[in-house]
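All residue numbers refer to positions in the sequence shown, counting from 1.
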Amino acid sequence: MGDTYCSDCKRNTEVVSDYAAGDTICSECGLVLESRSIDEKSKWRAFADESGDHDPYRVGGPVYPLLGDVGLSTVISKGPNESNGDSSLARLQNRGGDPERALVMAFNAIANMADRLSLVSTIKDRASEIYKRLEDQKCTRGRNLDALVAACIYIACRQEGKARTVKEICSIANGATKKEIGRAKEFIVKQLKVEMGESMEMGTIHAGDYLRRFCSNIGMNHEEIKAVQETVKKSEEFDIRRSPISIAAAIIYMLTQLTDSKKPLRDISLATTVAEGTIKNAYKDLYPHASKIIPEWYLKDKDLKSLCSPKA
């Protein structure tokens with residue numbers, strides 16, 4: 001299951017993919033958001049009559065436009081249990097090696113990590129393109145593949161306007177640490193920024209890059225999301241030395257306290273991947289400016305006294 005914007009619910013909701021019918025369905029209202037979609041993943045089939053068992057074999061890999069043969073090369077394999085077929089041809093082909101094997105492994109890793117974050121195909125393609133440029137410069141040898149792939153996904157998310165936090169990237173990086181991913185990101189930017197131009201520039205991270213997704217994760221409505229966005233924008237006028245993600249989480253926590261359905265700090269922490277203590281510290285810095293940063297139209301029927309004290 002992933003999440004996407006539902007035109008009927010007017011917000012991001014979880015969706016269910018019906019692979020048999022090719023439909024993407026909103027889990028809340030049942031609206032079919034996409035129909036007759038094509039599954040481009042690898043296909044598997046069991047050749048029970050030939051091999052004598054029911055183990056599935058892949059009978060068609062995905063197409064990789066970035067590969068020289070587009071992923072459509074022919075592989076000469078041995079017969080079942082190595083009893084049939086010309087094994088000498090298979091040995092001759094394997095002796096030559098596969099120069100693009102490393103690329104295929106990287107592309108598969110990108111696809112697996114991206115699927116775990118429910119990222120769209122455009123982000124996968126952008127991450128694959130970034131890695132292909134690294135491979136073309138012969139600068140990936142000896143480096144941590146998982147860290148490089150995770151960094152490519154992080155950069156691709158930023159470039160496509162669907163930013164993910166480093167903590168989110170770490171959660172799917174197969175053990176690569178935050179420090180390793182950070183170094184890999186800096187290495188990629190240094191290696192490719194001249195060739196790729198300004199599109200590779202990371203820019204400044206703004207809290208607004210994550211707001212809508214964070215708000216949707218805790219079930220905020222359209223009016224509340226708009227209030228959060230305006231509050232974040234006004235907060236930039238003050239010298240609050242906290243990370244943009246921490247400020248976004250603290251503002252979401254602040255505004256939910258002004259509603260009837262108050263959200264506990266733990267829920268905000270889970271939705272934003274920001275530690276509870278970090279949110280508390282950012283909230284403490286924002287609290288004195290609450291009356292100035294929260295929009296007046298949002299406060300018209302609300303009382304700022306309902307905000308809990310930072311010392312609580």
Side-chain angles (χ1 to χ4, degrees), residues 1-5 12 14 109-120 122-124 126-127 130-131 144 146-189 200-220 225 228-229 231-233 235-236 240-256 263-283 285-286:
M1 293 180 68
D3 66 281
T4 189
Y5 183 79
N12 283 359
E14 287 191 342
I110 288 173
N112 291 333
M113 289 186 188
D115 286 343
R116 288 161 64 185
L117 277 181
S118 300
L119 300 177
V120 296
T122 53
I123 294 178
K124 298 179 189 178
R126 178 63 67 90
I130 293 171
Y131 189 89
N144 186 327
D146 291 325
L148 280 178
V149 166
C152 288
I153 293 176
Y154 175 82
I155 295 171
C157 288
R158 292 294 315 281
Q159 292 182 348
E160 292 295 323
K162 304 290 183 182
R164 292 295 189 272
T165 65
V166 177
K167 183 177 283 189
E168 288 177 297
I169 299 296
C170 282
S171 68
I172 51 91
N174 298 330
T177 65
K178 182 177 179 180
K179 181 180 290 186
E180 290 173 333
I181 295 173
R183 288 175 177 172
K185 181 196 70 176
E186 293 175 0
F187 168 73
I188 293 172
V189 172
M200 197 62 197
E201 295 297 331
M202 298 298 292
T204 303
I205 298 177
H206 297 285
D209 295 338
Y210 308 93
L211 279 182
R212 180 167 291 277
R213 184 162 51 87
F214 287 168
C215 294
S216 298
N217 288 345
I218 59 173
M220 299 183 79
I225 294 176
V228 171
Q229 291 174 330
T231 304
V232 168
K233 188 174 182 179
S235 69
E236 295 174 355
I240 301 173
R241 299 185 178 182
R242 298 285 176 181
S243 73
I245 301 173
S246 301
I247 292 175
I251 287 176
I252 291 173
Y253 175 62
M254 177 183 291
L255 266 63
T256 55
K263 302 291 183 181
L265 186 61
R266 177 178 175 80
D267 290 353
I268 307 295
S269 175
L270 291 174
T272 61
T273 69
V274 180
E276 294 183 29
T278 304
I279 297 176
K280 285 182 178 179
N281 291 332
Y283 176 77
D285 292 341
L286 289 166

Do Glu168 and Ser171 have a side chain donor and acceptor closer than 3.5 Å?
-> no
Any chance you could measure [X], atom [atom1], to [Y], atom [atom2], to the nearest 0.5 Å?
| X | Y | atom1 | atom2 | result |
| --- | --- | --- | --- | --- |
| Ile251 | Ile268 | CD1 | CD1 | 12.0 Å |
| Ser235 | Leu286 | OG | CG | 6.0 Å |
| Leu265 | Leu270 | CG | CG | 9.5 Å |
| Thr272 | Ile252 | OG1 | CD1 | 6.5 Å |
| Met254 | Ile247 | CE | CD1 | 11.0 Å |
| Lys280 | Ser269 | NZ | OG | 10.5 Å |

Would you please name every residue forming a salt bridge (Lys or Arg N to Asp or Glu O under 4.0 Å) with Glu180, sequence neighbours left out?
-> none
Could you go through the side chain to side chain contact (heavy atoms under 4.5 Å, CB included) check for Ile225 and Phe214 one step at a time?
-> CA-CA 9 Å; Ile225 294 176; Phe214 287 168; over 6 Å; no
Do the side chain of Thr278 and the main chain of Val274 share a donor and acceptor less than 3.5 angstrom apart?
->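 It does not hold such a pair.
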When you measure from the side chain of Arg213 to the backbone N and O of Ala163, does any donor-acceptor pair fall under 3.5 Å?
-> yes
Looking at [X] and [Y], what are the two nearest heavy atoms and their distance?
| X | Y | answer |
| --- | --- | --- |
| Cys157 | Ile123 | SG-CG2, 3.8 Å |
| Ala184 | Ala147 | CB-O, 3.6 Å |
| Ile153 | Ile110 | CD1-O, 3.9 Å |
| Asn217 | Ala271 | ND2-O, 3.2 Å |
| Ala151 | Ile181 | CB-O, 3.9 Å |
| Ala173 | Asp146 | O-CB, 3.5 Å |

Show your working on side chain to side chain contact (heavy atoms under 4.5 Å, CB included) between Leu119 and Met113 and close with a plain yes or no.
-> CA-CA 9 Å; Leu119 300 177; Met113 289 186 188; over 6 Å; no
Given Arg164, which of Ile172, Ile169, Thr273 fulfils the side-chain contact (heavy atoms from CB on, under 4.5 Å) condition?
-> Ile169
Sequence neighbours excluded, the answer for side-chain hydrogen bond (donor to acceptor under 3.5 Å, both in side chains) partners of Arg242 is Asp285
Crowding at NZ, Lys233 (>12 non-hydrogen neighbours, <6.0 Å) |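 Not more than 12 within 6.0 Å, no.
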I would like to know whether Lys263 and Tyr253 meet side chain to side chain contact (heavy atoms under 4.5 Å, CB included); could you show each step before the answer?
-> CA-CA 7 Å; Lys263 302 291 183 181; Tyr253 175 62; over 6 Å; no
Side chain to side chain contact (heavy atoms under 4.5 Å, CB included) between Lys167 and Lys178, intermediate numbers included | CA-CA 7 Å; Lys167 183 177 283 189; Lys178 182 177 179 180; over 6 Å; no
